[in-house]
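This one's a predicted model, so the numbers in the text were calculated from it and none came from an experiment. Letters go in sequence order (proteins before strands), and every chain restarts at 1.
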Amino acid sequence: MVNPILLIIIPLATAFFIPLLAIVWKNGSRYLALLAALANVLIGIKLLPYVLEKPIHVTIAGFKAPIGIDLLAGPLGIVFSLIISITGFLVLIYSIGYIRDESINKYYTLFLLLLTGSTGMVLTNDIFNLFVFFEILCISSYILVAYNRDEHGLEAAIKYLVLGSVGSLLFLIAIAIIYLKLGTLNMADISDKFDALGGSYRMMVVVLILSGLGVEAAIFPLNSWLPDAHSSAPSSISALLSGFVIEVALIVVMKLVYSVFHAMQVLNALAVVGVITLLVGEFAAFRQENIKRVLAYSSIGQVGLILLALSINSKAGISAAVLQIINHTASKSILFLVSGYFILKTGSYRYSDYSGIAKRMPVSSLLFVLAALSLIGVPPFLGFFSKLQIVMAAAARGSTFYVSLVSLVLLGTIVEGAYFLRIAQVLYFGRQQDTDSGWLETGNAAGIDMESVGNAPVSAVIPVLLLGIVVVFGFLFLTNLNGVTGSIAGEITRALSLASLF
Amino acid sequence: MRKVKGFILLWLFTMIAWVLGTGTFRIDELVTGLVLSFGVVVLFASFTSLYRDIKITPKSIVLMPVYLIVFLWEMIKSNIDVALRVINPAMPIKPGVVQLKTRLHSPLAKLILANSITLTPGTLTMDVKDDSLFIHWIDVEAENIEEATRKVGWKFERILKEIIQ
Amino acid sequence: MAFSMLFILPVIGIVLSLIFVKVDFLKNLINLTIFGALVYFNILLLNSVGETFKLPFAFLGQSLTFRVTYLALYFSLMINGISFLTAIFSWRFMRERENSSLYYVWWLTKTLGMFGVIFSGDFLTFFLSWELMSWGTYFVMVQRGGAAAKASYKYLVYAISSAMVLLAGIVILYASFGTFSFAELSKAYSNISTGMLILTLVLFIGSFSVESAVFPLHSWLPDAYSETFSPMSSYLSSISTRLGTYGIILFLFVIAGVSVIDRLQIIGAINFRYVIGVFAVLTIIVPTFTAVFQDDAKKLVMWSGIGQGGYVLLGIVSGSALGIGGGMFHMMSMLTFESVILLSIAAVEYRTGTTNMNKLGGLIKKQPVAFIGLLAGIIALAGIPPMNGFVSKWFIYRSLILSGYPFLAIGAMIGTLATILAVYKLIHNIFLGQLREEYNGVKEVPFDMQLPIWILIIIVWGSAVFPGITFSLIAKIQSSLGLTPVPYSLNGIATSAGDLDMLVVSIVFVAGLVVAYMVYLLGHRRKHVIQYDNYAAGHFLNKDIPYNYNAHFYAGMEHIFEPYRKKIIARSEKSLAALTGTIGDYLRHIYTGNVSTYAYYIVAAFVIGAIVLGGVF
Amino acid sequence: MRRFFSLILIIGFGFYLVTVIGRIPFAATGEAKGSVGVQIVNDTVNDTGAANAVTSVVVLYRGFDTLGEVTVLFLAALGMSLLLKGTEEVKARVFDESFILKTGSYLLFPFIVLFGLYIIVHGHLTPGGGFPGGVVIATAFFIIVMTSEMVRLRENLVSILESLAGLTFIALGIAGLLGTKNSFLANFMGKGVFNTILSAGIIPFIYAAIGIKVGSELTGAVGSMFLSPFGKQEEAGE
Amino acid sequence: MINYFFLLLVIVMLGSAIAIIFIRNLLAAVIVVTVVSLVASILFIFIASPDVAITEATIGAALTTVIFVLALSRTKKKT
Amino acid sequence: MEIAGQVLVLIGAIFLFLGSLGIIRMPDVFNRLQAGTKATTLGALSLIIGVGLMNTAFLWKAIVLVVFVVLTNPISSSTIARASYKMKVPMFKGTIKKMEESFLEEEEK
Amino acid sequence: MIITISLILIGIAVFLSFLRLLIGPTVSDRLLAADTLTTITAASIVLVAFVLGRLIYMDVAIVYAVIGFVGVVTVARYLEGGI
Amino acid sequence: MSNLITIENIVYLASFGLILIGLFIVFSDKNLVKLVIGLDIAETGVNILLVSTGYIQGKTAPIFSRTGLKASQMVDPVPQALVLTAIVIGFGVTALALALVVRLYQKTGTLDVSEIRGLKW
């Protein structure tokens, strides 16, 4: 059996090694990074069967759990690190063709550290270690958002950074309270002792952590960085950020809420917040013209949906949420990756300028549409099943409260469908403009020469196709997927306990 | 030869600093100190140039503590002087900026001179340029260069030029 | 075997069409074969009513089930029959059309979805198939691009909305009763609470109303259906809409049951069905009057087709055996006459290239088959003997009056009036009047395109004369749903409240026509003149100033109705879209772009969270 | 207006801080609360052989955090060099050497460096360690860079040092993984004589690596700031 | 007694922090921040954490100042 | 030893106090520097040595610290003075300027 | 006793320098005040170390001296326009 | 009065004060550099809070520098280790923020938060 700590160490060591390699071999970093991601994928696959039977508990520096740091590689950890490394691997393939400037070594280093940070977040079982990995994740994303060094990227990065810092500040205060009252940092230990705390302390810790980690998880009032950051980053990075970064933060928050703090009281409020997030995201996306902002707002909407699902307080809901995360990762990555080449080829961010681009880039456009359909929740794509499961799980709670939330979710879906299909129609049938004079098919307002638009390179199409397979044929493996997500749900809803680790 | 002198002197000084810092003569500390200070001196050899100018003659070795004592005395005097001025409600000051000349050439010597002047009665070195020192004087007693030089810097310079080339 | 062939064949068709996407002949041949085979297998299926089928895999612990019922068979027969005829028509029509390479793929996809909807045995299957069908419809409509894309987008928004409402209903049912199966749900409905009943009724009926274009939700239909390729227009308008009606029937009679629904007495005698009936009547009146003012032939038919859908609904909600039978029958008649009208128009379009009635006229001599088809269609549409529209409408009126819904009946009759006006405009503007110069070279369409028209004419007439053939199936459906079956005979019905013998009616009617024609011939009042040897309103006619009443055909009526045609629906749609936009605008103004404000949000979120959650810990 | 709202929010936030956290006394509860800390303080000498319990926590008990922290600095340095790499060389660097400052910093430089090294190698005995030591060394460089025109930072050298130090850290960790304890970062060396420099197993070595890494990272980070051009850049062609 | 000294330092620290709100000159603000860090570092000694004190002093005071000043010099209006 | 240390500590504290008083009272930057540097340097020196004398364990490090303070303080105050002069911080009125040449390049021009 | 008096004096000194830091009309004044504060606090750390009886705190004081120097030099160089 | 001046009250005062003032600066100041300064201050406050969690009155630093010191006399070392990490991370973030600010200034020529709103809505 492989030690799960390698999942963190391999990309980290590779990131440290890249500057050395760069001296000898200028472009070697892209292949090295690929190799590292691939290694992580393989390790994850190898570990998955073990983990589904019994979580692996790893001590660091040979000290037992409450004293030293430890990692807990349960189904959640391994599945999410698989999601992370697979997405990372595919986006790395994409980056070969997409990122072509002088500082690619730095790009790949940052990329690997982003993977490290997010993998660490899902694997760690120590709350301060979580903070450290959270910061690694955040900082690498700040930099990557500004990677192009253009005005928008920098501005978005600054906003992201300030908000992330305020969030981590709140998080640290929560850690301080925990340590002050409980004298421990290990999550299992906290879980054992937490219920004995006074109400106001528990409230404070939970709310602080929600509003601290919530910044990265893009819960509604805290997500104001998201549209800017996701739309200004290089598309490959947007794919990562939307693809797994926010989801990882979200699932970690919920893991804390469920299995560490047992704070089921907040779930109703969170469900409401989730629905608000969803509605804000979908409605705001409806008004966007910049394709990446549309996608970014749609991510907010999806996060709201996932949050709602996670707040249902039933295994079915969490399991559905994980399924939705998988779907969102694949679909949103496709959308961002494809839109990256749309932007690159046409030089415009407005989707109304991509009129009829489907004739020039057929595969990309097709996958764009399929991914969009999956996000909307159209059968038989994966997104439908996850959304259906979420809705059913919510309805299964049987209360009017959840039923009304579900109806709002469905309302959001309608809006989502409206704007996504508007884009899809533009891709295939040209621009549409709702003026009083009616239908206008004036393809090229921006003066883009569609004839010169070529197809995307193979390095971009392959990852998109592979992700497309997940989206389109995912439903064939629904039973298997549900098995895995079910065990994750089991892990999240079970209270952690120090005794159970040994 | 001068290079080696500077090198050894710096090594010596760093060693002294190390021993004082650790406050012990335990063998492991000494060895570590030797190795580390050697490393520092070797790695940053260009910084040894300052120390080449220090004379190692019996006279200079004797004069070093003398300088220290003179300096401390002047310093105490200066402080009392400043203290009096500060406490005095009338605040008897007559500030000004004057220039003085020095005959010292070595940078180290000029630096020590400048620092000494800064810490002594009512004067503050603002800059050193070639052989001129620019002084802010809280109570200007002499405005021309020669007189100022004599009044402010001479007592230090006299000793310093024996210690440092 | 026969059953699974219904699903396997379209899949094969899709795959082959994709493979031979560039080979027109092969593609057409394959698909014609497949549609033919589907008809065959469908007929075979008549022997296996009551059987159920399961898909080999399960989802959410629910197996996807199908069952064969008479209701389903009725619909599948309609679907397959019309598909086959349309396929024959399409062979030549679709040759070398732009953007039509995936024509059959989308069509078959839609067909597949429709089969799934009608044969499904539980709501999960139903919903999946429903989505497949909606998307199939969308792709069928959108494939032509251009204006079709915009119209289809409207459909899509409606369809997604309706699907979401449907999903909400299904999920609520699942949450309450823990099952998707129709059989179990119908058991559960016998003692359902009133609130739940109202909620589900609103959700399901509301959702199906979109697909079946019931009054306030109909506005997507005319543009969407008419902008696509003409054979598809015909196909869609004749059958696609009826799947929504299928949903309503399914919900009202299979799931809920009339007796359960009738527990809902709203005010006095006005029960829930009456409310639906009011909407049905509005569906008849408003679109039909809109149809009168259309300039495009296809749009005109579409608008009046919406009205015909209203008749179907009206018949079904009337609740009596006669009414349900009439509604069911009207579905069949509508299928045929809409189809024949639109195929005729398509035939005209095939030759002239336009369906704009202002640019047509006088084609009667050039395209007589199309004329006859159209004539047969509009007779049926207007509900005049001896065509099948008369039979169904007669049933419906009859049942409405007998069930004590006179106001609904009156409303429906007003609709008929408008229908007559509309169809007269249709036939006049296309076939009568003066032939335009540019259409001098127009010929009749070739025989393979005439064939479906002829077949449909025969059905339109035949099913009217012998309604019993259709009613035999309808009666079986009714008894399988636990309703009283229609007391039918081969050529009509015979009940205590009066009977109808179509054979007699037809003979009388034909005899009357013959008499009238004789009178006409005997009168010697006709005279052949050359087209331009004529005058109108003091002007002599020539090529440039044709005798033209096409535009503003009902100018006077337009004048009267203008103040009432406020396009409320279109406006409210627009303002809904604008509202969505405005909400979006307001919501996104939260993101002010000022980073200090954003930071403020975070801490404010904490404080608010602490205040809100302070109590629950 | 903005200040007013901010003040209100701050008061709200402060209310929660004061009423919830402010009520926790940390002098009174004493032993009972700090279970982990108390255990560590009691066992640290036996477990690690380091005199400075904080160091043993930083390097061993919570060494993984430290690895992450070094990574964060690495990231920051990397990001700064990525972001600030000027499109053009710094042209007119206003530079006016001050004799006193220059000579003074030359005089002090070796001592500051030595002091930094002292802090690093005594990390397990006295306060300080890799981080402050590294910073002090880096600071010495900054003084030189700031006061005299002599130095051009060699970015390559800095990044090589950085990488090597980071890899050393990880290699030491992996050595623990391969060793008998089979745990990342486990102490596989002997503990040595208590309170001498070569005690506490791998701690001094890791601290040395951290020191070098931190020093080079900070040098790189601040260096890239140094090299960045002044003021607003008018970019042609945008 | 030592508590009062401690309190005085805290007041100095908070006063400096509040002063930052009102100081328009960025460089002055940076100097004041340095003071805040320095005083914080003494507080760390009072609460028995010399390690933190050293780190706060080196990183919080020195490096932060250096980097702030560099940033200021790079964001000055071009002269 | 102990007593000497205490006296030194007291002297140191007094000088520190005087130095800061001077900082408050003096009229311009340069005069404040005069007060600040000298008094605080001597104050720190005597205080630290005093502590070193009171507890001999502290002495060695105290010497290091003192040397450091004595070296750096004048340098930093010189630097501040130079910078202030260069950026033309207003001087106390009546300040005499008597230089044959200026040490600032700009003034020469 | 002596220690107490010294602490009081140092406290006043700290406060006075702090005042200069606040009011200092020019940046130079503030810088000067900060420099003085550094020196004073370094001295007071030594005193505190003595009071608390831990030699190790002296290291902090040395670091302090270095830091003060660095900070002042940086800001002063900036004022001069040197960096 | 004097019983209010305990170590914990003073520490809490310091840390809460710094946190709140820092956040206030973040909320209300228009200059980006000031904003970063505010974050820095708030971070310092949090660090003080975090260190204080390990402090026990009357105990000394957890360093066995001379014989005779017992573990029972020492404060908790763990929070100190945490704060070391937090300080370094905070510095990294600050430095990065300043790099971004500098770069943004080089692009736009402004540091005013209310002007840097190229991205909104």
Of the backbone (N, CA, C, O) and the side chain (C-beta and beyond), which part of H:L49 lies under 4.5 Å from a heavy atom of chain D, both, or neither?
-> side chain
Hey, does D:R3 have a side-chain heavy atom less than 4.5 Å from the side chain of H:F27?
-> no
Report the distance from atom CG of D:D65 to atom CD1 of H:I89, rounding to the nearest 0.5 Å.
-> 8.0 Å
Top residue by heavy-atom pair count (under 4.5 Å) with chain H, among D:P132, D:A51, D:G14, D:A76?
-> D:A51
Of the backbone (N, CA, C, O) and the side chain (C-beta and beyond), which part of D:L82 lies under 4.5 Å from a heavy atom of chain H, both, or neither?
-> neither
Tightest non-hydrogen contact, residues H:L96 and D:M80, listed as CD1-N, 4.1 Å
Specify the closest pair of heavy atoms between H:L82 and D:R62, including all atoms of both residues, with the distance to one decimal.
-> CD2-NE, 3.4 Å
What residue among D:L125, D:N52, D:T126 forms side-chain contact (heavy atoms from CB on, under 4.5 Å) with H:I63?
-> D:N52
Which value, rounded to the nearest 0.5 Å, describes the distance between H:I21 atom CD1 and D:I10 atom CD1?
-> 9.5 Å
To the nearest 0.5 Å, tell me how far D:L83 CG sits from H:L98 CG.
-> 11.5 Å
Okay, H:V75 and chain D: the region with an atom under 4.5 Å from a heavy atom over there is backbone
Go through H:V78 and D:Y61 one step at a time and tell me if the side chain to side chain contact (heavy atoms under 4.5 Å, CB included) criterion holds.
-> CA-CA 9 Å; H:V78 176; D:Y61 291 102; over 6 Å; no
Rounded to the nearest 0.5 Å, what's the gap from CZ on D:F131 to CZ on H:F91? Could you check?
-> 12.5 Å
Ranked by heavy-atom pairs below 4.5 Å to chain H, first place among D:L9, D:V57, D:T55, D:L17 goes to D:L17
From H:S28 OG over to D:L7 CG, what is the distance, rounded to the nearest 0.5 angstrom?
-> 9.0 Å
What is the minimum heavy-atom distance between H:A81 and D:V54, and which atoms define it?
-> N-CG1, 4.2 Å
Validation row: H:V88, D:V72 side chains within 4.5 angstrom (heavy atoms) = no
What are the two closest heavy atoms between H:L23 and D:F13, and how far apart are they?
-> CD1-CE2, 3.4 Å
Distance-minimising heavy-atom pair for D:L73 and H:G92 | CD2-CA, 4.5 Å
Side chain, backbone, both or neither of H:T108 within contact of chain D (heavy atoms, under 4.5 Å) | backbone
Which bit of D:V70 comes within less than 4.5 Å of chain H, counting heavy atoms only: side chain, backbone, both or neither?
-> neither
